[in-house]
Structure formats: C-alpha cells, structure tokens
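One structure is given here, and the rest of the page talks about it.
Here the structure is a predicted model, which is why all the values come from computation and not from measurement. Starting from 1, each residue takes its place in the sequence as its number. Just follow the structure's listing: the first ligand is 1, and inside any ligand the first atom is 1.
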Amino acid sequence: MPNWNALKSCNHHSIADLFASDSQRVTKMTKDIAGLRIDISKTHLSDEELDIFQAIAKEMDLLSKRKALLSGDIINPTEGRSALHIAERGIGDDRAVTEAKLLQGRMKALIEAIDAGAMGEIKHILHVGIGGSALGPKLLMDALGREDTKYDVAIVSNVDGAALLEAVKDFDPQKTLLAVASKTFTTTETLMNAQSAMDWMQEGGVTDTLGRVVALTANPEKALEFGVDESRILPFNENVGGRYSLWCSIGFPAALGLGWDVYSAILDGASAMDAHFANSDIAENAPVLAAFADLYYTQVKGAQTRAVFAYDERLRLLPDYLQQLEMESNGKSVTSEGAHIDYASSPITWGGVGTDAQHAVFQLLHQGTHLILVEFIASKTPGHDFDPVHHETLLTNCFAQGAALMAGRVNDDKARSYAGDRPSTTILIEDVTPAALGALLAYYEHRTFVNAVMLGINPFDQFGVELGKEIAKQISQDGPSGFDPSTSALMKAAFE
Ligand code: F6P
C-alpha cells in the first residue's frame with residue numbers, strides 16, 4: 001500500500017511562489033508529445049514532492065507494472081488477464097500484436113466490402129452498444145465526423161426506446177446497417193435495442209434483417225447464437241477491456257463512417273503516446289507526472305473531484321468518455337490483493353464544455369469551498385471557418401480561467417474576493433486531428449493506469465457494476481416483492 005505521509009508533511013508553497021522561485025518551471029512541467037502540449041505547471045507540485053512521488057512510484061513497482069502492461073503479462077489479477085488494448089496500437093507482446101493486426105485486417109476487409117456494396121445500398125449505420133461499447137465510437141464520430149461523411153452514423157446506448165426512436169428518425173430501414181457492439185454479447189440494453197432495431201427494419205420492409213447485422217464482440221459464439229453470420233462477426237480479444245475497446249472492432253462505426261485512413265491515424269496517434277509512456281523516464285513521463293498531480297490533490301489535499309473542460313465543441317463528449325475510463329477503472333475500495341484501502345481511490349470525474357460552463361458551474365470553481373483540480377483542453381486550430389475572432393475568444397477565455405483560478409483577487413468585500421491559488425492543468429492540441437485525438441485518449445489511459453498502480457488497485461476489472469444488474473434481473477423475474485420497503489413501494493406504484 002502506498003504511504004503518503006512524507007507528502008503530507010512537506011511544506012506548502014503557493015503556485016505563485018513555485019513560479020517565482022523557479023524560472024524554468026513552465027519548461028520543466030510542460031511536455032510536448034504527439035501534437036499535444038501538456039502543461040501541469042499550475043499545480044502545487046514542488047521538486048521535493050515530485051521526488052517523493054518518484055520514491056512512492058518505486059515502492060509501488062511502477063516500472064515493472066508498466067513493463068507488465070506493455071508486454072501483455074497478467075496485469076488484471078482478479079480476472080487472471082492481461083490488458084491488450086495497447087497491442088491494438090502495435091505495441092507489446094508479438095502474438096497479441098499479430099492477432100490484433102489480423103482482426104483489424106478483417107474489419108478493414110469488411111468495410112471495403114460494404115463500401116463496394118456487398119450489403120446492398122447502405123446509407124445509415126445504426127450502432128447499438130453501451131458503456132465502453134458506445135462512448136468511444138460516439139466521441140470519435142462527434143469529434144471527427146462533423147463534415148459530410150459517406151454514411152450517417154447514429155450510436156444508441158440507452159435502453160429507453162426514446163433513444164432508439166430518435167436515432168432512426170431520419171434513417172431509411174432499407175438502407176440501414178445495424179452494428180451490434182457488445183464485448184460479452186449478453187448486455188440486456190444492447191440486445192434489446194438490437195432486437196427492436198431489427199423489428200423496425202422488418203416493419204420497414206427488410207426481409208432478412210439478420211443479413212444487415214454486423215456483430216462487434218469478444219464473444220463470437222454468442223453472436224452466432226443470436227443469428228449473425230460468421231462473415232459479419234468482427235471479433236476481438238477478450239483481454240481488451242470494454243472501456244479500452246475503441247481501438248479494436250468496437251471502433252467499427254468510426255472506421256466505416258470516417259474511413260479506414262482516419263481510423264488508422266487514430267491508432268497511430270495512440271501508438272505515438274504509447275511510445276512516450278513506454279520509453280520516457282518517470283521524471284519526464286507526461287501521464288506519470290499528471291497522475292502525480294491527480295494523486296497530490298486526492299491523497300494530500302483531500303480533493304474529491306476532478307473537473308475536465310473541453311474548450312472545443314468537437315471534444316464535448318470527452319468528459320463522458322473519461323468518466324467511464326477513470327471511474328470504472330479506479331473507483332474501487334480494495335487493492336489488487338483484496339485488502340481494504342483507507343485512502344481515496346478515483347476522484348469523481350466531471351466536467352463540460354467551455355465557454356458554456358463558465359456561465360454555469362465556474363462560480364463554484366472560483367469561490368466554492370471544494371478543492372478541485374481543473375483540466376482545460378483546447379485546440380490551437382479551430383474546427384470552423386467563421387471569423388477567427390470566435391476561436392481567439394474561445395482560447396482567451398480558456399487561458400483566462402486558468403490564470404484567474406491561480407491568481408485570485410483580494411477585495412475588501414468578501415463576496416467579491418477570489419482566494420486564488422487554485423490548481424489547473426492545460427492540454428493544448430495543435431488541432432483535433434485523428435492522430436491528436438488518438439494520442440489524447442492514450443494519454444488518459446496511461447494516466448489512469450499510473451493512478452491505479454500508485455493506489456495499489458487493479459484498474460482492469462469492474463465488479464461494482466454487477467450487483468445492480470443482478471437485482472434488475474431478479475426484479476424482472478420475481479416481480480416487486482422481497483425488496484426493501486421503499487423499492488417495493490416504488491415498483492408497485494410503477495407496475496401495478
Ligand atoms: O456494465 C459495465 C460494462 O460491463 C462496461 O464495462 C462495458 O463497457 C459495458 O458494460 C458494456 O458491456 P458489453 O460491451 O459487454 O456489452
């Protein structure tokens with residue numbers, strides 16, 4: 001278990017003092033990698049604290065854990081698995097990389113066949129999946145698919161039929177391909193949405209609805225049982241976790257909708273970040289340093305949340321994506337060995353889009369009582385051709401927020417005072433290109449992994465989601481009795 005005591009007894013310096021005492025601080029704490037400028041200088045991390053973090057990293061075996069992750073060793077002990085998402089980007093165990101390439105080749109071949117008309121005239125892609133089987137493709141399409149794409153892509157996750165209804169409202173059932181994305185191919189919401197989508201197609205005159213289905217799964221047997229033809233099942237290795245699966249066939253709608261070259265560039269961008277994570281010293285390693293900053297605030301300063309604001313409309317879904325990545329990975333109460341932990345694990349990740357959030361929630365960031373590490377993400381290049389003043393204003397506001405959080409302002413009127421000395425990190429991207437987005441997502445994956453190693457927890461399982469699923473099944477099988485009085489009364493009111 002990590003020991004944070006040495007960090008807790010360090011002298012506290014304000015961020016302004018840290019800048020004043022080290023003219024090289026910005027250079028030292030800014031890393032330029034794969035089109036991303038990552039600046040963590042506006043945090044309270046001092047050289048002394050960075051040294052202590054490095055010592056803790058040594059105690060927690062960060063280097064050998066990194067090696068285990070990258071070489072495809074068992075790194076998920078509760079499930080006895082490796083974590084092979086990095087192999088999808090061409091790095092790691094030879095066998096895993098070869099298999100990933102083979103399966104990606106199969107996806108590419110199917111995409112080429114669909115493009116050539118093998119499934120008839122297809123104009124719309126309806127992707128059903130949930131959690132990791134939806135959030136990644138949704139983010140990729142929203143970020144990179146804003147101009148006309150060859151196919152319209154809609155991604156449906158919620159079991160609420162209203163979501164499906166909205167997704168297909170402009171789709172022609174006769175020209176729709178249904179991608180059913182589920183690692184396990186057992187997820188209730190996804191299978192229900194798949195069935196209803198096929199019913200909708202049938203009502204729209206499609207006679208062979210299964211012939212329009214492509215299955216994206218690590219459980220091809222279940223997809224076969226469902227009735228999908230083997231030629232349209234795109235499998236992936238079960239050691240790729242759901243929240244890490246946009247790099248394999250779960251990325252199919254993005255690869256089809258954006259084109260294979262774009263999808264490949266996303267993988268290449270991720271691979272460039274992997275190389276940085278794999279080969280850089282701890283002291284120079286951006287995901288590691290950012291994880292140290294995360295941990296400084298949760299472990300030393302008691303922060304409970306971490307906020308992420310995308311100052312770019314194209315990245316508006318990033319906070320949603322990161323919520324699953326970070327909270328499903330690191331929201332645990334036991335170590336990898338099953339011991340109870342008596343320190344905080346994952347902070348609550350939340351956020352939004354700038355400048356909107358400035359007019360809604362930033363009051364709390366500037367004057368509220370919570371300590372929150374805020375992350376800003378912006379792109380140097382705009383995603384539109386309107387007057388450049390739009391983008392200048394967007395970026396100016398982004399930088400102003402970080403500066404204001406840090407500087408604060410004293411006023412005799414307490415209600416108009418800003419305490420300042422509030423931390424933030426900033427990621428400035430050259431442009432929201434496929435490669436930069438791939439690098440950004442890989443950066444967050446590695447940062448999440450480093451957080452987990454430092455906390456002594458296994459980021460690759462998610463047993464916490466099971467109990468609710470089981471109880472939902474029990475309710476649908478046994479009806480509303482046998483539960484606590486509140487739950488029983490609610491169900492009686494709803495169902496009887
Ligand atoms: O319920 C959580 C979860 O298992 C996630 O980890 C996963 O991304 C999601 O459900 C969807 O699971 P599947 O891809 O197996 O349908």
Side-chain angles (χ1 to χ4, degrees), residues 75-76 78-79 81-85 88 103 107 126-141 155-160 163-164 167 178-198 213-226 228 233-254 317-332 345-346 349 441 444-445 448-449 452 457-476:
I75 192 80
N76 170 359
T78 51
E79 297 179 302
R81 287 180 179 164
S82 51
L84 292 183
H85 49 286
E88 300 290 331
L103 295 177
M107 166 154 71
L126 177 62
H127 173 106
V128 297
I130 197 162
S133 292
L135 289 162
K138 216 169 173 172
L139 169 63
L140 297 185
M141 288 312 300
I155 295 172
V156 177
S157 49
N158 200 344
V159 73
D160 186 340
L164 181 59
L178 175 62
V180 182
S182 175
K183 178 177 172 182
T184 55
F185 227 79
T186 58
T187 301
T188 309
E189 293 94 324
T190 301
L191 297 182
M192 203 175 281
N193 274 329
Q195 191 53 58
S196 295
M198 288 197 300
V213 175
V214 174
L216 321 171
T217 185
N219 192 352
E221 293 76 22
K222 281 273 173 209
L224 279 172
E225 261 173 47
F226 188 84
V228 187
I233 298 176
L234 295 176
F236 61 93
N237 192 301
E238 67 168 1
N239 292 352
V240 177
R243 53 194 170 275
Y244 304 88
S245 62
L246 65 87
W247 316 105
C248 58
S249 64
I250 297 294
F252 170 79
L317 298 183
L318 186 65
D320 289 2
Y321 179 84
L322 294 180
Q323 279 185 325
Q324 188 202 21
L325 175 65
E326 299 179 359
M327 291 162 74
E328 196 168 72
S329 296
N330 291 345
K332 314 271 167 76
S345 60
S346 174
T349 307
L441 301 183
Y444 281 116
E445 287 179 351
T448 304
F449 174 74
I457 62 181
N458 172 10
F460 297 116
D461 65 14
Q462 60 285 320
F463 295 112
V465 300
E466 297 305 326
L467 181 60
K469 288 185 197 172
E470 275 168 36
I471 293 182
K473 261 195 195 125
Q474 200 182 327
I475 294 173
S476 54

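Within 4.0 Å of ligand 1, protein heavy atoms belong to I130, G131, G132, S133, S182, K183, T184, T187, G242, Q324, E328, Q462, V465, K469, listed by chain and number.
With sequence neighbours excluded, the residues that form a salt bridge (Lys or Arg N to Asp or Glu O under 4.0 Å) with E238 are R81. Here E445 pairs with R89, W247 under the side-chain hydrogen bond (donor to acceptor under 3.5 Å, both in side chains) rule; sequence neighbours left out.
Using a distance-only test at 3.5 Å, with no hydrogens or angles considered, a donor-acceptor pair links the side chain of S345 to the main chain of N330.
In summary, E470 and K473 do not engage in a salt bridge, as defined by a charged side-chain N under 4.0 Å from a carboxylate O.
Applying the side-chain hydrogen bond (donor to acceptor under 3.5 Å, both in side chains) test to residues at least two apart or on different chains, the pairs with a partner in residues 317-326 are R306-E326, Q324-E328, E326-T349.
Side-chain contact between L84 and Y244: absent, with no pair of heavy atoms (C-beta onward) separated by less than 4.5 Å.
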